[in-house]
Number of protein chains: 2
Amino acid sequence: MADGSQAVVRALELVIQVGAHPDGVRLSDLAAEAGLPAPTIHRLLRALVETGFTQQDPVTKLYALGPRISALANQMAGGERLKVVSRPILERLASQTNETVFLAALDSDEVVITDCIVADATLRLGGRPGVRLPIHASSQGKAILAFLRPADAGRILARLTLRKLTRNTIDRMEDLAVELGRVRELGFAVNDQEREPGVRSVAAPILDASGSAFGAVCVGAPASRWRMDRMIERLAPLAKAAAGDISALAARYGGSET
Amino acid sequence: MADGSQAVVRALELVIQVGAHPDGVRLSDLAAEAGLPAPTIHRLLRALVETGFTQQDPVTKLYALGPRISALANQMAGGERLKVVSRPILERLASQTNETVFLAALDSDEVVITDCIVADATLRLGGRPGVRLPIHASSQGKAILAFLRPADAGRILARLTLRKLTRNTIDRMEDLAVELGRVRELGFAVNDQEREPGVRSVAAPILDASGSAFGAVCVGAPASRWRMDRMIERLAPLAKAAAGDISALAARYGGSET
DNA sequence: GAAGAACATTCCATATGGTGGAACCTAGCA
DNA sequence: TGCTAGGTTCCACCATATGGAATGTTCTTC
């Protein structure tokens with residue numbers, strides 16, 4: 001390989017492969033899946049076990065991810081650490097709601113999805129990390145905006161163009177200001193088909209130690225399945241609780257990065 | 001190298017090295033720390049970035065752990081996943097108490113420490129993952145035992161030898177039964193210098209969906225700093241809350257493995 | 001308990017891919 | 001603009017990664 005890293009890439013991809021088997025996996029299955037001979041896999045696994053990236057159960061002889069992965073995860077900082085901390089809470093929320101749940105952060109004047117658990121239902125919201133949303137037409141954006149420090153919020157609002165995406169989109173600054181006031185009172189934001197027809201969501205802010213928002217938790221669903229009032233009644237408290245739990249654990253990892 | 005994995009071990013150790021720099025690190029510092037030439041580190045980093053194990057900030061050019069680590073951490077199962085989920089909660093508990101906190105699980109007839117955050121104080125409890133404790137003379141052991149399914153608890157009690165370690169150790173089965181009844185009522189267990197003079201602790205069980213214990217959260221401290229009644233009053237509720245939070249998030253990851 | 005099959009581990013000749021010094025490029029600062 | 005520090009690319013060569021074959025281990029069946 002021109003790159004000089006064939007062995008390394010093979011080993012790293014083997015870690016990823018082991019990770020796809022939460023119940024453990026045999027050397028021979030790994031070899032078959034990777035299309036490599038057993039001695040090659042064996043040697044790579046030896047290095048992986050030696051460094052703790054994988055481990056081998058002494059009884060079942062199956063390989064699984066090793067303690068080094070969790071140790072590394074706990075060393076992560078910033079947004080990635082927030083994802084690690086938030087993941088179990090998001091998983092619980094997804095289980096409670098049976099809808100798609102999102103973790104989001106502010107990036108410049110947009111919201112970016114940082115983690116996402118897509119519902120199992122036939123009709124469900126899709127999404128994936130990296131997707132960007134307009135701040136004024138997303139529940140995540142409004143939840144964050146409402147709980148930013150006033151100076152930060154003011155800076156963003158000054159630059160914001162309120163593009164009208166649907167007939168429901170808030171496209172006047174006075175209306176947005178009223179909406180943000182309401183979000184602050186309620187502690188959560190809604191999106192009632194404001195970005196995309198047929199899509200509703202509720203989102204609650206994740207707050208740092210000073211009470212300033214640095215992210216949001218969102219539950220999104222098809223409008224056909226949830227009237228707005230029922231979503232507010234049923235899903236908003238769950239989103240708020242999840243955001244509160246994440247805030248309690250992650251306050252130290254946050255910080256506005258606008 | 002006789003082992004056929006020099007390049008692989010170097011790359012994996014480089015991940016570990018990057019992990020020790022939560023604020024990011026330069027290529028040249030990594031090279032200096034590892035005692036390897038820059039082109040070697042550069043090539044290894046290229047493979048690590050390509051597979052997501054590390055990433056490079058486009059602005060600062062610093063390397064940090066990448067999204068693959070958190071993705072893998074979220075794929076872990078069993079005890080390792082419990083550690084990942086519990087870590088932020090343990091960190092909060094450590095911060096609330098300024099004492100050493102432990103995550104523990106039952107392994108056969110003993111308690112094993114699975115994670116540990118050691119306090120900063122001059123006089124503090126030490127500990128590290130892997131340390132084993134007698135089940136009858138540790139708050140973790142008693143907390144778990146009291147909330148096991150009766151059949152499981154009975155099996156363990158039938159085999160248990162109540163070694164007397166200090167003058168406070170419970171060394172009669174009738175006394176232990178009474179103590180376990182009390183633990184069940186209170187929802188937490190204590191260790192009042194029962195395993196080691198000068199050491200007190202409180203522990204609360206981590207329960208699975210069926211209400212059966214599969215682990216425990218413990219706060220331990222020097223007896224010189226905490227009278228037992230004050231520990232019960234101040235630290236027990238915090239341990240209980242932490243165990244409750246972990247239980248709520250991790251119920252799916254538990255399961256007795258006695 | 002013995003035999004067979006499946007799986008894991010070790011061996012080793014060899015070719016190929018990892019290595020690192022040198023050269024070159026880029027970015028930041030005075 | 002020139003200099004320095006840091007990062008990236010190049011490439012000859014030899015050290016190491018490779019994988020087929022042999023050997024060892026474990027499990028299952030009779």
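Chain identifiers are assigned alphabetically (A, B, ...) following the order of the sequence lines, protein sequences preceding nucleic acid strands; residue numbering begins at 1 within each chain.
For the 3.5 Å distance criterion, the side chains of A:R124 and A:N98 fail to qualify, holding no donor opposite an acceptor. Residues B:T169 and B:D171 bring no donor and acceptor atom of their side chains to less than 3.5 Å of each other.
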Test salt bridge (Lys or Arg N to Asp or Glu O under 4.0 Å) applied to A:R81 and B:E91, step by step: CA-CA 13 Å; A:R81 175 72 170 141; B:E91 286 179 348; 3.1 Å; yes
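OP1 or OP2 of C:dG20 sits under 4.0 Å from a side-chain N or O of B:T40. Contact annotation: B:R43 side-chain N/O to C:dT19 OP1/OP2 distance is under 4.0 Å. Of the side-chain N and O atoms in B:R26, none sit less than 4.0 angstrom from OP1 or OP2 of D:dG7. Side-chain N/O atoms of A:H42 include one lying less than 4.0 angstrom from OP1 or OP2 on C:dT9. At the phosphate of C:dT19, OP1 or OP2 sits under 4.0 Å from a side-chain N or O atom of B:Q6.
Closest approach to the B:A7 side chain among C:dT19, C:dT10, D:dT9 is made by C:dT19 (side chain taken as heavy atoms from C-beta onward). For B:R10, the listed nucleotide lying nearest its side chain is C:dG20; candidates were C:dT10, C:dT9, C:dG20. In this structure, of D:dG7, D:dG19, D:dT9, it is D:dG7 that holds the atom nearest to the side chain of B:L27.
Within the 4.0 angstrom heavy-atom criterion, only backbone atoms of the sugar-phosphate kind lie near B:P37; the bases stay farther away. Among the heavy atoms of the strands lying under 4.0 Å from B:S28 are primed sugar atoms or P, OP1, OP2 only; no base atom is included.
Considering only heavy atoms from C-beta on, A:Q75 stays 4.5 Å or farther from B:I69 through its side chain.
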